Amino acid sequence: MKSIEELKAEQAKQLANLEREHAIADAMPTPPHTVHAFSTPWVIYKVKGLRAAVDLFAQFPAVVPCWTALDGCRYLQPLADMKPNAADRIDGGPYAVVLEVETVLEGPGGPGAKLFWWSTAPGFLVCVRVEIEGPGYIGAYWAMASDYHEDRSPRGRVVRSRHWKGNTVLRAAADRVFAWATGDSLTRARHSYVWQADHEETADTGADMSHALAMLQNLADELEPVESGK
């Protein structure tokens, strides 16, 4: 049986965690859907369409650039979250924002997209992650799906392998593209499209005049054209 002291300790820990989550949410320019109070907190939003995600990016205070580093495998993180001596392994950046697209060819889901970046709130670093609902079935965003080339059996009935290229439109818009292992290269691919950070993002005025924001707005115009008269 759990003692009263153990229960009180658990409740005190849960209350402290909940208070931290509320403090993080209150520091955001608009209320998030979910907060995960990790050592570097995650603030999660859910929006319909890329344009809404880009509009949210524009509202945030100074962007904290992220970098790519190689340490057995490549990863994307701001310097403050990297391991000690990671500077020797940095091979790209600084980047302001990341559009991550996972393409799934089997099952009901389809391609899913997230826009994420790091920002600051009083006293801490925060990772802002925006889940983008596409116009397809259960939120799939097929216009962002990765392109691929198939190797088939001699009679063409069996797909032996798929070589994923990323999405043509997103590749043209982004400053750099990263492909990640998924464990199932036949039916699934994950790509990150990144945009370089500039002075406007790292200034206290936020990202309202940045290179990344301008490129994302152009991309949203291409993927989600606004009908005339609306």
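FYI, the numbering just counts along the sequence from 1. All values reported here derive from a predicted model rather than from experimental measurement.
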>> Under a 3.5 Å distance rule, please check whether Glu100 uses its side chain to pair with a backbone N or O of His191 as donor and acceptor.
In response: no
>> Please check: side-chain N/O of Asp198 versus main-chain N/O of His211, any donor-acceptor pairing under 3.5 Å?
In response: yes
>> Applying side chain to side chain donor-acceptor pair (under 3.5 Å) as the test, list every pair that has at least one member in residues 43-52; sequence neighbours left out.
In response: Arg51-Asp221
>> Is any side-chain heavy atom of Lys114 closer than 4.5 Å to one of Ile132?
In response: no
> Any donor-acceptor pair under 3.5 Å linking the side chain of Arg20 with the backbone of Leu15?
Replying inline: no
> Is there a donor-acceptor contact under 3.5 Å from the side chain of Thr182 to the main chain of Arg188?
Replying inline: yes
> So, Asn167 side chain and Ala143 main chain: donor-acceptor pair closer than 3.5 Å or not?
Replying inline: yes
> For Val47 and Ala53, which heavy atoms make the closest approach, and how far apart are they?
Replying inline: CG2-N, 3.8 Å
> Less than 6.0 Å separating the ring centroids of Trp195 and Tyr95?
Replying inline: no
> Can you name the one residue among Val126, Val98, Val130, Val194 that meets side-chain contact (heavy atoms from CB on, under 4.5 Å) with Trp117?
Replying inline: Val130
>> Does the plane of the ring in Phe38 sit parallel, tilted or perpendicular to the ring in His36? Use 30° and 60° as the thresholds.
In response: parallel
>> Quick one, Ile90 and Leu79 - any side-chain contact, counting heavy atoms below 4.5 Å?
In response: yes
> Counting only N and O atoms by type, is there a donor-acceptor contact under 3.5 Å from the side chain of Thr40 to the main-chain atoms of Leu125?
Replying inline: no
> Are any side-chain N or O atoms of Asp147 and backbone N or O atoms of Lys165, one a donor and one an acceptor, separated by less than 3.5 Å?
Replying inline: no
